[in-house]
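What follows is a set of notes on a single structure, which appears directly below.
By convention in this document, chain letters (A, B, ...) are assigned in the order of the sequence lines, proteins followed by strands, and residues within each chain are numbered from 1. Side-chain atoms are counted along with the backbone in the values below, which use heavy atoms only and exclude waters and symmetry mates. Remember, predicted model here, so these are calculated numbers, not experimental data.
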Protein chains: 2
Amino acid sequence: MWRMARPRKPLLSRDRIVEAAGALVDAEGLEAVSTRRLAAALGVSGPSLYNHFRTKDEILEAVADAVSARVDLSMLEPGDGRDWRTALHDWAHSYRAALADHPHIVPVLARGPGRRPAGLRLADAVFGAMTRAGWPPAQATRIGALMRYFILGSAVASFAGGFVDDRGAYDPADYPHLGQAHLLADRQREIDESAFETGLRALLDGLCVQYEALGPH
Amino acid sequence: MWRMARPRKPLLSRDRIVEAAGALVDAEGLEAVSTRRLAAALGVSGPSLYNHFRTKDEILEAVADAVSARVDLSMLEPGDGRDWRTALHDWAHSYRAALADHPHIVPVLARGPGRRPAGLRLADAVFGAMTRAGWPPAQATRIGALMRYFILGSAVASFAGGFVDDRGAYDPADYPHLGQAHLLADRQREIDESAFETGLRALLDGLCVQYEALGPH
DNA sequence: ACCTGAACACCGTTCAAGT
DNA sequence: ACCTGAACACCGTTCAAGT
């Protein structure tokens with residue numbers, strides 16, 4: 001008589017948890033994620049999650065990391081033919097697109113790369129591409145950071161709040177310049193989009209100015 | 001025998017609540033603010049707050065608005081002599097300084113101006129200054145938005161997380177370019193500062209390029 | 001009008017117990 | 001090793017009751 005077969009199959013895994021948490025965040029937002037709700041979605045009881053993650057926060061970090069991991073980095077890789085400006089431009093768009101797909105997790109991502117490996121890979125890829133293009137290392141680091149600031153700042157403001165839907169919420173008399181039309185909810189989407197484009201172009205134009213000043217390549 | 005004097009003096013007011021909430025946020029962070037803790041700090045019981053605010057979130061919005069209200073806007077006012085580029089530069093610095101003074105509320109601020117009056121006044125002031133300088137209204141709106149993206153994105157990343165203190169947290173082999181030194185915690189502060197400066201300059205240089213293209217003034 | 005205590009429906013996390 | 005139920009110490013918010 002042989003002993004009982006040990007746990008035939010773990011019900012949970014880090015990957016399954018992250019996937020379910022991501023789906024819950026996407027569907028109902030960050031504040032809808034509780035350990036009990038998430039566990040229920042996985043057909044399991046609340047405390048089970050703690051066999052795979054130390055805290056709920058770690059689960060959300062992992063969800064954020066999974067989104068970072070989906071950002072296209074091909075334009076920053078050594079083999080790619082694009083010049084640094086074009087590479088930065090295309091990367092910014094692919095980054096923004098990944099965030100737009102998962103707007104509710106953006107505030108977690110914006111807190112900084114933390115220990116998230118995919119976030120660090122992003123920073124590393126930009127750094128590598130910029131140094132290869134001739135930027136000094138210190139400047140390459142700054143470019144990675146400042147692009148992140150702009151892209152994530154734009155995403156937080158655009159995808160997580162913005163102006164209010166209610167047309168009567170503002171008294172035009174209080175804001176002499178904006179009063180007319182510029183802060184209505186239905187205009188907000190196009191403002192966000194065009195402000196992102198304008199800002200990205202300004203950033204890249206400005207970096208070109210600094211690049212010229214480095215001397216010939 | 002005259003009837004009991006009616007509530008001699010309200011114990012609470014919106015202003016007192018916002019002030020206490022702000023102090024609590026500054027001292028212990030956003031997640032330390034519970035209605036019970038806040039009420040206790042005010043010498044009152046939890047539900048009392050609901051006589052003055054509809055939700056806890058509204059209290060935090062008011063705290064965020066109070067921080068916005070402290071941003072210096074003098075450089076954007078009609079009388080001021082500064083050209084638009086200098087005004088934008090100085091405003092960005094005063095904005096960042098106000099956020100650095102209250103780092104824990106930054107994530108709330110970053111969600112967008114919402115219904116917060118001080119946030120809207122900021123947007124209005126930038127819009128007014130840019131149109132007076134000759135920018136077309138649509139561009140003036142975008143400049144306000146894109147500057148906000150950059151300033152708040154930088155503040156969220158810098159003041160609320162960033163890289164990790166633990167020097168052993170990263171395996172350099174995983175990040176060939178960053179491995180050496182660029183992501184150590186003690187370097188993070190100077191990186192944030194210099195990346196902000198570099199990005200701000202790039203943004204302003206880039207806007208100047210676009211401004212020239214508008215034609216003569 | 002403004003504050004209170006009690007209560008409701010939740011939280012994140014720990015832990016002894018089971019297999 | 002991995003999952004469970006029970007429990008702890010909290011939450012935000014509502015509401016009847018008091019003054």
* Roughly how far, to the nearest 0.5 Å, is CZ of Arg121(A) from CG of Asp65(A)? -> 7.5 Å
Specify the closest pair of heavy atoms between [X] and [Y], including all atoms of both residues, with the distance to one decimal.
| X | Y | value |
| --- | --- | --- |
| Tyr149(A) | Asp192(B) | OH-OD1, 2.6 Å |
| Asp72(B) | Ser94(B) | O-OG, 3.2 Å |
| Val156(B) | Ala110(B) | CG2-CB, 3.7 Å |

Value in whole Å for how far the [atom2] atom of [N] lies from [atom1] of [X]:
| X | N | atom1 | atom2 | value |
| --- | --- | --- | --- | --- |
| Leu42(A) | dC3(D) | CG | P | 10 Å |
| Glu31(B) | dG12(D) | CD | C1' | 16 Å |
| Arg36(B) | dT14(D) | CZ | P | 13 Å |
| Arg37(B) | dC11(C) | CZ | P | 22 Å |
| Ile59(A) | dG12(C) | CD1 | C1' | 11 Å |

* Treat a base pair as Watson-Crick or G-U wobble with both distances under 3.5 Å, then lay out DNA chain D in dot-bracket form, 5' to 3', with | for cross-strand pairs. => ||.|||||...|||||.||
* To do: If a pair satisfies salt bridge (charged side-chain N to carboxylate O under 4.0 Å, His left out) and one of its residues is in residues 92-109 of chain B, list it, with sequence neighbours excluded.
  => Arg96(B)-Glu193(B)
* Residue pairs fulfilling salt bridge (charged side-chain N to carboxylate O under 4.0 Å, His left out) with at least one residue in residues 27-38 of chain A, sequence neighbours excluded -> Glu28(A)-Arg37(A)
* Between the side chains of His93(B) and Glu197(B), does any donor sit under 3.5 Å from an acceptor? -> yes
* Any chance the rings of Phe196(A) and Phe150(A) have centres within less than 6.0 Å? -> yes
* **Donor-acceptor pair, side chain of Arg132(A) and main chain of Leu76(A), under 3.5 angstrom** => yes
* Asked: Backbone N or O of His52(B) within a donor-acceptor pair of the Arg14(B) side chain at under 3.5 Å?
  -> yes
Produce the list of close N/O pairs, under 3.5 Å, pairing protein atoms with atoms of nucleotides 15-18 of chain C; give distances to one decimal.
none

* Could you identify which residues of residues 49-58 of chain B place a heavy atom less than 4.0 Å from some atom of DNA chain C, listed by residue number, or say none? => Asn51(B), His52(B)
* In residues 11-28 of chain A, what residues come within less than 4.0 Å of DNA chain C, judged by heavy atoms? -> none
Side-chain N or O of [X] less than 4.0 angstrom from OP1 or OP2 on [N]?
| X | N | value |
| --- | --- | --- |
| Thr35(B) | dC11(D) | no |
| Ser34(A) | dC11(C) | yes |
| Ser45(A) | dC3(D) | no |

Between [Y] and [X], is there a side-chain heavy-atom distance shorter than 4.5 Å?
| X | Y | value |
| --- | --- | --- |
| Arg82(B) | Ser74(B) | yes |
| Leu88(B) | Met147(B) | yes |
| Leu49(B) | Leu42(B) | yes |

